[in-house]
Each structure stands twice: as structure tokens, then as C-alpha cells.
Amino acid sequence: MRILHIGDFHFRPNANNYDQSLMVDRMIECLKNKPRIDVVIFTGDLVFSGTKFENFNSAHQAIFLKLSKELLIPLSRIFLCQGNHDVNREEVTISISNYFDEKINDSDKLYDECTRSTSEFKNSFKGSSHFYQFLTSTFNDNFEHCDELHYIAKFKINESVVAIVAINSAWMSNGHRNDNGFLMFPPNILKNSISRIKDADCKILLLHHPMSYFKEFNCRELEDIIYPEFDLVFSGHTHREDICTKYKGHNGVLLNTTQATLSFAKDDEIGYSIIECDLLNKEEARIERATYISKEKIFLNLEPVQVAIPMGHEKSLQNKFRKKIASKYSSELSKANDLLLEYGGDNDKNFLELFTTPVLSSNSGAEGESPDKFFNFELLYEAVSKYLLFGSDKCGKTSLLKKIQLHYLKHFSTLGKVPFYLDYKHLEDRGDSKTDIVRLIGIAYDISRAETEKLLEENNIILLIDNLNTMSKAHSVIIDFLDRNRNLQFIVCSEFIASRVYFEELDHLDYTKLYFKDLTRREIRIYSEKNYHAYSESKEDVIEKVTKILQQLQLPVTYWTLSLILLIYKKSKDDFSHNLFGILDLCVDEMLQKKQLLLDRGTGFDQYKEICSHIAYDLLKNYRDQIYSTTSTNIITFIDRHISQNVRITTDARSVFDFLVTAGILKERNSKYTFRLNGVFEYFLAYYLHQHPEVKDGIIADDQLYLGFKNEFEIFSGLNRSDTEFLRQIYHKTRRIFDPIIEVYSDTSYDSKLIDKLGEVHEFRKKVELIDLQKALNHETQDQVNDELNPIGVDSEVHLKEVYDKNDLNPETLEKYLGILARVFKNCDSIRDKDLMVEIFDYIVKAHLCFGFHLMDAYTNVPLEENADHDENLEVILGKNVAKALSTFIPTIAQVLLYDGLGHSNMTRLIEERIATFKKITGSQYILFLLYFLLLDIDVKANKSLIDEVLENITLPPLRVSTYFKLNFYLAFKAYKNREFEQFISNKIRLVQLRLDAKNSSNSNMSLSEKQNQNIVKTIKDNR
């Protein structure tokens, strides 16, 4: 029997991309020179779109009728199944698709849905109506049974009975999401079909999609039915043919996936295949293939492939091993789920559903290297790959290896590779003589040593090695194993610090080095969206706040820290995006496993926190030269001394230390131990200061140390939100620095001072108009812009406290003084002294305003100072003009800094009251500008009515320019996929433009000196 296997025709009426008729003619010409075809198998996607019934008839004439006529193949020997393109997507109801996607997650529910024939089940076939109508009207005489889900056909060739079962794998295709992992087919229907073809000599299954596209629970059950019963399985969809994976018969069945017969994608393979098998002796098959050369417009015959089809005992053995692989997949997925910080309960998504590809690069980031060359994660799946991957602590090395392991287990039916995961940490206690890799692989898959060695000999093992450690006792054994199996594919992961070690033992194995990089906003968005179902806030608010938290806490931007923050964010009812204490407190709760510790009878949760705080202070005080790290012996000795003073602690020092390492509080770094994260180190220092106020007072009094404890003071204020005395300490410390600066700018109103420094700046406003966006930026563009302007990668390692020169009050130092006061004030939300709170709030606003003036003067004076010994030449003039242009944005910069310090929902009422007060005071537009946009930045959509007040009350041209800038920012980054808000902001931007234009036309030279006009105009010309 000779079977022509084609598929993925994608017929388009009047298509210009390819000459479809010519393609079919060339294929027929090629086939006429070969022995006669007995059967045609077409595995779906007859048309490009199933929206019109007539497209199927046109495609039928274009290919099937031509094949039948020219090759003398009766239509009764042409069999096809439905593909995803054959679905009428206009008839697909998304609610029905969502119902099956979300509700049908095991075989019992699927069986129940089918047997009860629910309304959802009946409506799920609407998208198949055109294909089903075409199938039954054109090929109905072929079938013993036919419905929307499957059909059965039988025919004879030389007295041998051939049975075909075609199933509709596109039943759950909807065109609104990727099919992979969402498809289903009722196993009971397939079992019933098999029972009706028991007498057949050759059993053939047709489906469009590969088996791996089905839902996990469904895929395994279908495979257990299909592989023992069918002799040949034909599929399509992928537009690819891979000889090495399709023709090995490692599933007890021959699988054949054809190339596309016609495709409009430039990278797709176009061709056909012919399977020839003896119906009396089915142990072998011959595969003839041809691929289309588009430039020459001919089909080129490829070398035939001879394939062994497993039968009898061999088929039984292979199906038995396939079931072991399926069982291994389930157990390894369960282990991978344990890597998740939260699995089960409210979180029903497993490891694979949450896995997001890491950022990999071929560059280590060493000084002098070219920019990052990012690596396509999918290439790790290639059969010949050998990689050595380096990454920092908790960057996702183990998760990557588990993902690859699960990929090979899941796709064993098509890939034929057996993955073996090996963790150095699990081998360290075995010793050289006890580590037998072949034996370990055999144990993992319950196979004999001979079977294991056969897999190695056939190069069907992929070795996945975690936590590579050249100092391990097992290292030499593993190197020797790799040396003896040089063709073995491997992927090895190691700590980044090991990348500096010269792996001389591996050099002859020809591997590629790769490096884990920090995640970008793109990965944060993708991962957060996968978890979004757990939150009540809008998706964008969650992503924005999580990103800010990662930056503020100086956490490594990895999936581990991201999942930790998302877990805390979900459990929390507060807005922690601008509250360092709150988020760190919950971080520590999760890392120390608070709930479990409360149940244990040993050391309690608060006792562990106290121990950690003393460790932190001991490292700070005694180990600065070692960057706050020391040996495990020193830490255990210190813990032991601490425990000896508290008879209520029943756990020994070594156990406490081991727990802190296991929980991720402490980690090893260069053979010494310190805190895993700098933010956690700061948290426990703040906890210590809270327990020892005399230490806190000493740091506040020391001008050289004070700024280095910026985060600790913020955390400290969260530990006691009603600590009026502490707030007063920080307030007076800040006043000592800022009172002289405020005094400089208090000789006139702040509005007059602003005009005096910036003028009307109407000419510069024309430059600002260049940012006129017209519409909101999409998420991808937003992420790219933010990553370029404000990268989130930080140094999360514990690092030395900076010692400051108390006489060097530069802008950066001043900003830190302001930031400490603002953040401490924000946390102190339980103080009942309203007069004090208003006084400090007004001071913070006034200090930010005057800090803006200070920055203006700093920008303006730099060009003068740099050219003090020169005449005012062109460079000096240009320098002053550029400085003045930059200073135009200072009001916006001051406002952003104010929001960074005070932005929190608990400030809303106070801000509203101060706005009401300052609206009554003449000359307060600058202050009102800061307050209005502080409130808008906290929640622009909820407070958008304030924008009308802004337009009415803010009339100073410099502030209108800043208003124009802020509104464009809201349009760009806050309005995407919110048409109503986008239109609202766009209208307000037009209003600002009109008022600025009106001001320009009536006051073309107001408040600008002749020299100012010349300088600014020249700046504009020089920058065009």
C-alpha cells in the first residue's frame, strides 16, 4: 500500500502570494513518475479560513479533483481531517472556549460533558459547521460513521482490510490563543471507534495537531489508547518534517508529520511524503519524500528512508517504556511544582503554566565585551546542543533545567530523547567510588543496565546537570562519564562566580557558554500576567507596582524574587509600592515560613527575627573589611552565645544556622556567609535599631553615617508608626540641612521666583511639543522605553555602607536627606498630632520646591564655573542656554521626587486639605502644581477630575509647560487599552496647547530680557 501524505494546503481564493494551481500541477507531474498511489491522506488546513463554505469547494477542485483525475485515485480513497484553519472563527464563541479551557481539566469532566451533551458541548461545534458540511456532502460514501468529532472508514487493498479513524483535533481551536496545551478529544469516543475496527489488518489514525498539543490529562490517556492499537499515525500543522524524530518507531507506532503542501509563511517547509508498507508484513516501511524548490518551481526528490515499525513483543516493550516516561513526567512535574513559592490552594497553575523564558546571553558582562547578544531559549532543545550556563543565586538555573527535562518527557513521542537530571548537591555525600551515572539513570527510569547503555549508545540521553561544583567529590566521575560519551547532549548550570574558573576538563567537549541576565520589564509583564487572576487591581497597576518594589528593595530581578513579591502582593491588602517596611516585613515572613514556625514547638518566629537582627548588627560592626560576611563557624558561635542568654530558645545554634540558609536568609559567598539580599540585611538592621534605640540615636547624630542608613530609617518607621519622637528627630536633622537653602529662596513668592528664573519660556514650549504623542503607547513600547531610560537591574548583594563627607552637600546628598524625611513621614500614619503632621508635610513640599530652585541654579552655574577664565564665547552661551533649557523641566523633576517620597494612598486626605488651603493663598501656583500632580500620580484615573482644576488654577507658563509634559506622560503610559481615559487625556492636552498658544500670541516677549530671547532662540536653532 502506497499512501500519499499531504496537508496544510491553506487555500486562498485569488491569492497572489503563490500560484496555487502551479504548485499542485508540479506535484502531480512529480507523482506521475512514481508507482501508483493507493490512498491520499490529507491532515487538515484545507483552506486558509473556514469562514466561507464555498472556499472548501474551491479548494476541493484545486487539489483533490486534480489528484483524482490525473493520478486515477478514486475519491473514496481520499481521506482528510479538520485543521485549525478550517474552523469558522466567526462562529466560535469565546465564552464556550473559555468554559472548556478553564472548567474541563480531567477525563471525568470531559466524559461527563460529552455524555450529557450539554448546551456548551453542542455549541462548541459551530466553528466546524462549514468543514463538516463539506466533508459529508463530498466524501460521505467513504464513511461507516461520521460526526463533527470523528469518522470511521474501511476499505480493502488486496484482500487486506484497512481502517481509518480521523479525529477532529481542531475541536477546541478558536484563533484567539495558541492551540498548544488547550486541545482535547474524548477518549471514550476513540475507544468506541477502535472497538469497531478490531477486524482491520492495518489501523490508521488521522489528526491535524501533534499529540503534545492536547491538554496534559488528555494527552496521556489518548497516547495510551492510540499507540498500542494503531499502526500508523498521520498529522500535520507544524509545517515541518524531522527525519530523526519521526522515523524511529520508539512509541510502538509509526508517526508521520508532513511538510506543508502550500504555505504562505516564508520559513515553512513545502513538500509531501509517500509511505509504502506491506500489509502482510508491517514490520518495515519505506518513506519517500519530496521538497519544493520555490525558485525553480519544482519538487526535488529526497533520499528515501527505511523505517522499522515495531510489532508484537517489540511494540509491547516500547509502549511499556513510553508509559514509564509518562509516569516520570507526572512525578517530575510534581517536583517542579515544589519550586514554586505557592502551589495549590488559590494557585491552581502548575510549574509549566507559570514558567517564563529566562533572559540568556552569550556575553558574561565583563568589561570590554560588546553589547549583549541575547540567546534564543528554544535552541536549548536542539538535539545536538551542549551548553554550560552561568547564573547568580536564585536566577532560575534549576527551573530552566526542570523545564527542559519536562519538555523532553512530554514530547518523548516525537523527540525520542530521555532526559536525566543530576544535581551535584545530591551527589556530594556519595564519594567518587559510589557514583555510577549509568546505574542512576537506570534507577530513575526502572530499566536494566543494558537498556540504559543502549540508550547512551544510540545517543538518546540528554544530561541535565545542576549546581556544577569543581570541588565536589563526584566531579571527576561526571567528567569521566562525559569524556566516555562525547556525543552526549548536555546542559550544565553553575553559579556565576564559577564562570571565572577555567574548566579545563570540559574544553574538549565543544560546549557553548551562556549567562543568565536580569529580567526586563517584558518578562516581568509576561510572568505577572500569568499570575494576574489572583489580584483585585487592574493588571497594569499590579505590574507597575511590582516593578517599583523590585527597584526600591534592590532585589535581584529574577523569577524567584518576582514570584515572592507577587505572592506578598496578593496576600497584602495595603499598597506597598511606596512602602519599604511593609513589603520587606512580608518578605521576611515568607522566607522564614512564619506560619510553619508558629506551629513548631522549637524556636519561634519572633525569636528567629531577633537572632537575625543580632547577626546583622554583628556583621555590620565587626566585619566591614569582609563586606559584612564571615565564616559559618563564626556565625554559629555567635548564635550559640545569643541562645545561651535566652533559656526559652530550645533549638541548637547549628540547626538555627541551617534553617536560615535553607530559608534563603543567609547564603554562602566566597566561602563566607552573609545575608542573601541587601534589602533583608537592612531590614534586620532596622529591627535591631528598633530594639536598641541608643544605637539608632548614635547613627542619626553622626553626619557621616546618617545617609547610609536611609532604608533602615524608613523600615524603622514602619516598625512603630506612632513614634512621634523618631519623626521629630528626622525632621530636625533635615531642617538643619535645608533651612539655609529655603532661606535663600524666600525673599519673594515662589511663583515670582519661578518666573524670574525661567521667564515665560514660550519659545521653549515649542520644543516640548515634539513629545506630542497623539495616542497611548502599547505595552511593548512602554516596556522598551522604560528599560532604556530606567533599567531595573540592581546590585542586590550585601554591600558596604557609604561614609559621607558632611561638608559636601551636593544635589545627590540633598536629595537623600529629603528622601529620608519624606519616607519616614509617609510611614508614620498612626501619629495623632495633626498640627505636627501638617507642619512637616508643608515643610517637605516647600523643601522640594526650593530644592528645584537649587537644581536650576546648579545647572545654570556649571557652564559659568567651567569657563570662568574665558570670555563669553559661543561655547559659554550655548552652555548657559542648554542649562536653562534643562532647568525648564525642574518643576516636573521636583514633583516626581515629591511623589517618590510621599506617594501613597494614605496621604490622599492630607493632600486634598492642603490643596484647599493653598487655593486661597495668592502666589501658590507652584505649590499647587506639586500637590495636584502628587494626588494624580497616586491614582490618576480616580482623581482625573482634578485636571480641570489644574487647567483653571495653574496659569504660569513654566507650570503649563510642565502640565503639558505630565499629561503626555499619562497618555503614553496610563491610557493604553482604556479608550475613554485616552480620549479624556487627549482632550485635556489639546486644551493646554490652545492656552499656551493663546499666551504666546498675546505676550510674545513678556518677562524675557533681550539676552534671554537671544539665548533660548539660539539653543533651539543649535539643537534642530
Side-chain angles (χ1 to χ4, degrees), residues 6-18 20 42-60 62-64 80-104 110 113-114 117-139 146-151 166-186 206-215 218 235-239 260-265 268 529 778 977:
I6 54 178
D8 296 282
F9 189 52
H10 302 122
F11 177 82
R12 290 188 191 183
N14 305 315
N16 296 320
N17 301 63
Y18 283 93
Q20 295 170 303
F42 185 92
T43 47
D45 282 358
L46 177 61
V47 296
F48 184 77
S49 172
T51 54
K52 294 182 179 180
F53 173 73
E54 54 266 29
N55 288 353
F56 290 97
N57 284 328
S58 299
H60 179 56
I63 186 166
F64 295 141
L80 66 157
C81 62
Q82 184 175 353
N84 55 299
H85 279 273
D86 300 321
V87 174
N88 180 1
R89 293 172 181 175
E90 293 180 357
E91 290 294 324
V92 173
T93 306
I94 299 303
S95 60
I96 297 295
S97 295
N98 290 341
Y99 171 80
F100 280 91
D101 287 351
E102 298 168 8
K103 301 296 182 182
I104 309 302
L110 179 56
E113 198 71 31
C114 298
S117 192
T118 63
S119 59
E120 289 85 2
F121 183 73
K122 293 175 182 177
N123 289 330
S124 67
F125 298 118
K126 287 184 177 181
S128 299
S129 58
H130 287 160
F131 178 85
Y132 183 63
Q133 181 184 353
F134 164 72
L135 184 70
T136 54
S137 63
T138 309
F139 297 97
C146 182
D147 59 34
E148 292 92 336
L149 276 175
H150 79 305
Y151 67 76
I167 65 175
N168 182 6
S169 67
W171 172 38
M172 286 292 120
S173 295
N174 61 27
H176 297 279
R177 46 101 172 106
N178 192 311
D179 289 340
N180 199 345
F182 288 97
L183 304 184
M184 288 184 290
F185 189 85
L206 274 62
L207 71 164
H208 178 63
H209 298 83
M211 293 301 301
S212 59
Y213 275 58
F214 289 80
K215 282 192 173 184
N218 196 218
S235 63
H237 185 67
T238 60
H239 303 184
T261 301
L262 178 62
S263 173
F264 294 89
D268 287 346
E529 286 176 345
N778 61 36
K977 289 191 174 180

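The first residue in the sequence is number 1, and the count goes up from there.
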- Message: Pairing donors with acceptors under 3.5 angstrom, does anything connect the side chains of Glu91 and Ser129?
- Response: no
- Between Thr51 and Ser49, do the side chains contain an N or O donor and an N or O acceptor separated by less than 3.5 Å? yes
Polar side-chain atom of [X] near backbone of [Y] as donor-acceptor pair, under 3.5 Å:
X     : Y      : answer
Asp8  : His237 : yes
His85 : His10  : no
Asp86 : Asp45  : yes
Asn57 : Glu54  : no

- Message: Less than 6.0 angstrom separating the ring centers of His60 and Phe139, yes or no?
- Response: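 Distance test on ring centres: under 6.0 Å, yes.
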- Item | Phe42 ring center within less than 6.0 Å of Phe64 ring center | yes
- Item | Side chain proximity check, Met172 to Ser124, heavy atoms < 4.5 angstrom |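 Of all side-chain heavy-atom pairs linking Ser124 with Met172, at least one is under 4.5 Å.
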- How about Leu135 and Tyr151: do any of their side-chain heavy atoms sit closer than 4.5 Å?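 The answer is yes, as the side chains (C-beta and beyond) meet within the 4.5 Å cut-off.
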- Task: Identify which one of Thr43, Asp179, Asn180 satisfies the side chain to side chain donor-acceptor pair (under 3.5 Å) criterion when paired with His209.
- Result: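 Single side chain to side chain donor-acceptor pair (under 3.5 Å) partner of His209 among Thr43, Asp179, Asn180: Asp179.
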- Least distance between heavy atoms, Cys114 atom then Phe121 atom: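 Minimum heavy-atom contact is SG-CE1, 3.5 Å.
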- Asn88 to Gly50 - nearest heavy-atom pair and separation: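 So the minimum-distance heavy-atom pair works out to CB-O, 3.3 Å.
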- Pair Tyr99-Thr93, side-chain contact (heavy atoms from CB on, under 4.5 Å): steps then yes or no: CA-CA 10 Å; Tyr99 171 80; Thr93 306; over 6 Å; no
- Inter-residue atom distance Phe125.CZ - Leu149.CG, 0.5 Å rounding: 4.0 Å
- Message: If the condition is ring pair (Phe, Tyr, Trp, His ring centres under 6.0 Å), which residues does Tyr132 pass it with, not counting sequence neighbours?
- Response: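 Ring pair (Phe, Tyr, Trp, His ring centres under 6.0 Å) list for Tyr132, sorted by chain: empty.
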